2 protein chains.
Amino acid sequence: MGRGKIEIKRIENVNNRVVTFSKRRNGLVKKAKEITVLCDAKVALIVFGSNGKMTDYCCPSMDLGAMLDQYQKLSGKKLWDAKHENLSNEIDRIKKENDSLQLELRHLKGEDIQSLNLKNLMAVEHAVEHGLDQMEFLMSKRRNVSI
Amino acid sequence: MGRGKIEIKRIENVNNRVVTFSKRRNGLVKKAKEITVLCDAKVALIVFGSNGKMTDYCCPSMDLGAMLDQYQKLSGKKLWDAKHENLSNEIDRIKKENDSLQLELRHLKGEDIQSLNLKNLMAVEHAVEHGLDQMEFLMSKRRNVSI
DNA sequence: TAAACTATCTATAAGTG
DNA sequence: TCACTTATAGATAGTTT
């Protein structure tokens, strides 16, 4: 679209490439805005130039986050859902660990022990008795020091 | 660009709007591809028509996820980072709860009790003694049943 | 309903200051 | 390097099949 036809392949001359990028990027954003208005479309556009600079456009009727949520739903592709899933799984894992710690704690305090069989009950009892010994020992040691 | 000039405002005739959408969407994607090749640019484009259908284009050199990571870095806008932060915070919270449960558990077992002051030590001892009573009671009850 | 056509408009490649 | 110009390629609005 200009004084001469060009092939669609990388423009080797850096200057031309940068100039063309700037022009075409503006054109692209303009087109994106136009289709948004003309056709009631939702458009999100992100462009990075080889200089690293970014340009973006998002239709006013929907923010980029919402667009991407929709994108994930319609395309089935995961963007952040995968990352979220990992974190959620970790939360589940820790919560379970937490629950089992809480239960063990209750057992040591003599709560909810009806569900324990004899073997487990004796193990808990043993742990507690051992703990008690440690406490008695520590307290007697402290008494001796303070005398 | 056509038989007549048009104003850039919503096309009221549904049929024209849909046809124009289809044409311009194709044009937009074509332009996106062209600038990608010509200028070494990275482009991501998502378009939703009013019919709900989606079209997307992403340059071959970078996937959409990477583009969006970069977008977040350069723009400072949060897309999923905010959600991640919430989940991460919850993980931290649960982990701390977990740690304190673990510590309490060790205390009840007579471990790490040097750090306890007398008051806390006695509280732990009391809890354990009470627990032990419960266990003894349960075991004697079970013995009576089995006789 | 949709695909092709084509006259016209728009974008832009190359040129200029 | 920039902004501006201009000739031309490309996009597309309205029409036809």
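What you see below is based on every heavy atom in this structure, not just the backbone, and it leaves out hydrogens, waters and symmetry mates. Quick caveat, the model's predicted, so the values are computed rather than measured. Each chain gets a letter, A, B and so on, in the order its sequence line appears, and its residues count up from 1.
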Would you call B:Phe48 and A:Val43 a side-chain contact if the rule is heavy atoms closer than 4.5 Å? no
Protein-nucleotide distance ([X], atom [atom1]; [N], atom [atom2]), rounded to Å:
X	N	atom1	atom2	answer
B:Asn16	C:dA3	CG	P	16 Å
B:Leu38	C:dA14	CG	P	10 Å
A:Ile11	C:dA14	CD1	P	8 Å
A:Leu28	C:dT12	CG	C1'	14 Å
A:Ile35	D:dA11	CD1	C1'	12 Å
A:Phe21	C:dA13	CZ	P	13 Å
B:Ile8	C:dC9	CD1	P	14 Å
B:Asn26	D:dA13	CG	C1'	15 Å

May I ask you to decide whether [X] forms a salt bridge with [Y], counting only side-chain N to carboxylate O separations under 4.0 Å?
X	Y	result
A:Asp56	B:Lys42	no
B:Glu12	B:Arg10	yes
A:Lys95	B:Glu90	yes

So which nucleotide from [options] ends up closest to the side chain of [X]?
X	options	answer
B:Glu34	C:dT12, D:dA11, D:dA13	D:dA11
B:Lys5	D:dT1, C:dT10, C:dA13	C:dT10
B:Arg24	C:dT12, C:dA14, D:dT12	D:dT12

Phosphate contact ([N] OP1 or OP2) by [X] side-chain N/O below 4.0 Å:
X	N	answer
B:Arg3	C:dC5	no
A:Lys31	D:dT12	yes
A:Lys30	C:dA11	yes

In terms of the nearest nucleotide of DNA chain D, which residue is placed more toward the 5' end: A:Asn15 or A:Met1? A:Asn15
Looking at B:Lys23 and D:dA13, is any side-chain donor or acceptor paired with a base atom of the opposite kind under 3.5 Å? yes
Select from B:Ile6 and A:Thr20 the residue whose nearest nucleotide in DNA chain C is closer to the 5' end of that strand. B:Ile6
Using a cut-off of 6.0 Å, state whether more than 12 heavy atoms not belonging to B:Lys33 lie near its atom NZ. no
